[in-house]
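Worksheet: one structure, shown below.
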Amino acid sequence: ATGQNRAIWALGLRNPFTFDFQPGTGRMFINDVGQNTWEEIDVGAAGANYGWPNSEGPDNVTGNITAPLFTYKHSAANPPGSGTGGFFTGFAIAGGAFYPASGPFPASYRDQYYFADFVSQWVARLDLTTHDAYAFAKLSAAPVDMLAGNDGALYVLTRTGVTRISSP
């Protein structure tokens with residue numbers, strides 16, 4: 001892009017609520033809040049077009065649209081667990097953090113991407129190898145952000161305070 005448009009880094013994100021960079025690689029994951037149906041985790045890339053408003057989640061991903069890495073719906077699949085996103089349902093993806101490969105969590109929980117849902121008040125982890133997601137924690141308040149602390153705990157900022165998760 002040239003002129004004023006040279007400041008546009010990427011297109012087609014609806015509401016990129018949070019993002020995080022993977023230590024060591026610089027890879028960026030963007031949590032994009034959907035509108036009617038889907039919540040997304042997108043791999044950030046300069047010049048990418050994520051499709052909004054013509055595409056949400058895996059729907060209508062054609063041509064030059066960059067598909068999301070992981071999505072989950074606002075409603076359950078029928079039968080439950082059979083659709084994209086498995087058993088996860090929610091309404092506003094929030095908070096995202098890469099947990100280090102050298103942290104004190106058990107090996108299967110390390111080097112993973114953790115994300116939360118503001119409305120449904122849960123935390124999940126995304127396996128960076130398989131792109132499968134797993135339930136991790138249920139919260140008593142709405143999460144807005146998170147980070148992996150220097151002490152090896154996962155800290156979740158909620159609307160009412162901070163939740164520290166020191167072990168799965």
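Annotation: ring-ring contact (aromatic ring centres under 6.0 Å, His included) contacts of Phe87 (sequence neighbours excluded): none. Take Phe115 and apply the ring-ring contact (aromatic ring centres under 6.0 Å, His included) test, not counting sequence neighbours, and it matches Phe70, Trp122. Partners of Arg27 according to the side chain to side chain donor-acceptor pair (under 3.5 Å) rule, which considers only residues two or more places apart in sequence or in another chain, are Gln22. The side chain to side chain donor-acceptor pair (under 3.5 Å) check on Thr89 picks up nothing, with sequence neighbours excluded. Remark: Arg125 pairs with Gln112 by the side chain to side chain donor-acceptor pair (under 3.5 Å) rule, at least two apart or across chains.
Pairs passing the ring pair (Phe, Tyr, Trp, His ring centres under 6.0 Å) check and including a residue from residues 6-30, sequence neighbours excluded, read Phe19-Phe21, Phe29-Phe98, Phe29-Tyr113. Contacts classified as side-chain hydrogen bond (donor to acceptor under 3.5 Å, both in side chains) and involving residues 132-148 (residues at least two apart or in different chains) are given here: Thr130-Asp132. For residues 40-53, the set of pairs meeting the side-chain hydrogen bond (donor to acceptor under 3.5 Å, both in side chains) definition, not counting sequence neighbours, is empty. Identified under the salt bridge (charged side-chain N to carboxylate O under 4.0 Å, His left out) test for residues 97-113, with sequence neighbours left out: none.
Residues Thr71 and Thr84 meet the side-chain proximity criterion, which asks for heavy atoms closer than 4.5 Å. Residues Pro168 and Pro106 meet the side-chain proximity criterion, which asks for heavy atoms closer than 4.5 Å. In this structure, the side chains of Ile30 and Ile41 stay at 4.5 Å or more apart for every pair of heavy atoms. Using a 4.5 Å heavy-atom threshold, the side chains of Arg159 and Val144 count as touching.
Between Tyr72 atom OH and Thr37 atom OG1 the span is 13.5 Å, to the nearest 0.5 Å. Separation of atoms CZ (Arg14) and CD (Gln35) is listed at 5.0 Å; rounding is to 0.5 Å.
Cluster partners of Trp38, using a side-chain heavy-atom cutoff of under 4.5 Å among ILVMFWY residues and allowing indirect links: none. Other residues sharing a hydrophobic cluster with Ile65 under the 4.5 Å side-chain heavy-atom criterion for ILVMFWY residues are Val61. Residue Tyr114 is found in a hydrophobic cluster whose other members, listed by chain and number, are Tyr99, Phe105, Tyr109, Val123, Phe136, Leu139, Met146, Leu154, Val156, Ile165; membership requires side-chain heavy atoms under 4.5 Å apart, directly or through intermediates.
For the pair Leu69 and His131, the tightest heavy-atom approach, listed with the atom from each and the gap, is CD1-CE1, 3.2 Å. Smallest separation of non-hydrogen atoms from Asn36 and His74: O-ND1, 3.2 Å. Between Ala97 and Leu147 the shortest heavy-atom distance is CB-CA, 3.7 Å. In plain terms, the two heavy atoms of Pro58 and Pro68 that are nearest each other are N-CG, 4.3 Å.
A donor-acceptor pair is defined here as one N or O able to donate and one able to accept, closer than 3.5 Å; no such pair exists between the side chain of Glu39 and the backbone of Gly90. The closest donor-acceptor contact from the side chain of Ser55 to the backbone of Asp59 lies under 3.5 Å.
Applying side-chain contact (heavy atoms from CB on, under 4.5 Å) to Val33 and the options Val119, Ile93, Leu13 leaves one that passes, Ile93.
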